[in-house]
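To start, the structure itself, in structure tokens.
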Amino acid sequence: MKLILHKIYDGYLFFQFKMWIKYQGRVDFDNLYTQIFLISYYNIIWCTILYIYVSKPTIENRVAFGIFGASIFFIIIKILERYLKKNNFVEELYEYYKTFSDSERRIKEKNGLYYNVLPICLLPLLNITLCYILSQVYK
């Protein structure tokens, strides 16, 4: 489980460590846990929107599924956030980050920038594009 979480969040957190140190002088771990929660929830909601659009149910079923799905995903991601806090995931990763040389940090932070930008910007654009293409195909 922890290996999967490292694959998902390491790049993003390395970039965030750099930004926190650069602008604040310290790292706020609670805020980073909140950011992990929000980005995970944001991405899952966009995937849910795409699924609802593709499944073509009635409007009442779409609303019901959307509310139910958003609630279930909220609970699941909140449990994930608590699991990460309980195991000091971000704190351990920060200690690991401090052991890197400057060149390793730059490489990992650059990759982290891609992890920071891609999920936030490209997932909604991809979903909107797929929804548009599907609406043109099913006309």
Side-chain angles (χ1 to χ4, degrees):
M1 171 87 173
K2 222 171 190 182
L3 180 62
I4 294 170
L5 293 173
H6 278 291
K7 288 284 187 190
I8 294 171
Y9 294 117
D10 280 4
Y12 173 75
L13 288 173
F14 290 147
F15 178 74
Q16 288 299 322
F17 293 151
K18 174 189 173 191
M19 291 293 109
W20 277 96
I21 291 170
K22 183 176 180 180
Y23 293 111
Q24 300 289 330
R26 62 178 178 77
V27 177
D28 184 5
F29 295 113
D30 289 332
N31 197 320
L32 287 174
Y33 284 115
T34 304
Q35 288 178 7
I36 289 172
F37 166 75
L38 290 175
I39 286 183
S40 301
Y41 191 64
Y42 176 81
N43 289 335
I44 286 182
I45 291 300
W46 275 106
C47 292
T48 305
I49 289 169
L50 179 64
Y51 175 76
I52 290 171
Y53 192 82
V54 170
S55 65
K56 295 279 188 189
T58 63
I59 191 71
E60 294 84 15
N61 290 344
R62 285 183 185 188
V63 170
F65 180 77
I67 292 171
F68 179 72
S71 302
I72 293 298
F73 290 133
F74 182 84
I75 292 168
I76 290 170
I77 293 174
K78 205 61 169 157
I79 290 170
L80 174 67
E81 181 187 12
R82 285 190 180 167
Y83 172 79
L84 293 176
K85 279 185 179 179
K86 180 181 163 193
N87 291 322
N88 295 326
F89 180 78
V90 176
E91 290 86 349
E92 288 176 7
L93 194 61
Y94 182 65
E95 294 300 321
Y96 177 63
Y97 171 78
K98 291 193 301 187
T99 63
F100 293 148
S101 66
D102 286 339
S103 62
E104 287 177 317
R105 281 186 186 179
R106 272 189 235 109
I107 292 170
K108 295 203 180 277
E109 290 162 356
K110 182 180 177 185
N111 290 340
L113 175 63
Y114 298 129
Y115 286 116
N116 200 11
V117 171
L118 287 178
I120 294 172
C121 297
L122 293 182
L123 187 64
L125 291 175
L126 177 68
N127 279 336
I128 291 168
T129 305
L130 285 173
C131 290
Y132 177 75
I133 291 170
L134 289 172
S135 69
Q136 296 303 316
V137 170
Y138 288 121
K139 273 191 173 181

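Start at 1 with the first residue, then count along the sequence.
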With rounding to the nearest 0.5 Å, note down the distance linking NZ in Lys108 to CD in Glu104. 7.0 Å
Applying side-chain hydrogen bond (donor to acceptor under 3.5 Å, both in side chains), name anything that partners Asp28, two or more places apart in sequence or on another chain. none
In chain order, what residues pass the ring pair (Phe, Tyr, Trp, His ring centres under 6.0 Å) check against Tyr96, with sequence neighbours excluded? Phe100
Partners meeting salt bridge (charged side-chain N to carboxylate O under 4.0 Å, His left out) with Lys110 (sequence neighbours left out): none
Do Tyr33 and Val90 make a side-chain contact, defined as non-hydrogen atoms from C-beta onward lying under 4.5 Å apart? yes
Quick one: side chain to side chain contact (heavy atoms under 4.5 Å, CB included) partners of Ile72, sequence neighbours excluded? Phe68, Ile76
Are the side chains of Leu13 and Ile36 in contact, using a 4.5 Å heavy-atom criterion? yes
Can you name the residues that form a side-chain hydrogen bond (donor to acceptor under 3.5 Å, both in side chains) with Glu109, not counting sequence neighbours? Tyr97
With a 4.5 Å limit on heavy-atom distance, are the side chains of Asn31 and Trp20 in contact? yes
Residues in side-chain hydrogen bond (donor to acceptor under 3.5 Å, both in side chains) contact with Ser103, at least two apart in sequence or another chain: Ser101
Under 4.5 Å between any side-chain heavy atoms of Gln16 and Gln35, yes or no? yes
Between Thr34 and Glu81 the two heavy atoms that sit nearest each other are N-OE2, 3.9 Å
About how many Å separate CZ of Arg105 and CZ of Phe14, when rounded to the nearest 0.5 Å? 10.0 Å
Which residues pass the side chain to side chain contact (heavy atoms under 4.5 Å, CB included) test with Thr129, sequence neighbours left out? Ile133
Partners passing ring pair (Phe, Tyr, Trp, His ring centres under 6.0 Å) against Tyr94 (at least two apart in sequence or in another chain): Phe17, Phe29
Apart from Ile107 itself, what residues make up its hydrophobic cluster when side-chain heavy atoms of I, L, V, M, F, W and Y under 4.5 Å apart count as a link, directly or indirectly? none
Straight-line distance of Phe73 CZ to Tyr41 OH, nearest 0.5 Å: 9.0 Å
If we only count heavy atoms from C-beta on, is the Val27 to Leu32 side-chain gap below 4.5 Å? yes
Identify, with sequence neighbours excluded, every residue that meets salt bridge (charged side-chain N to carboxylate O under 4.0 Å, His left out) alongside Lys98. Glu95
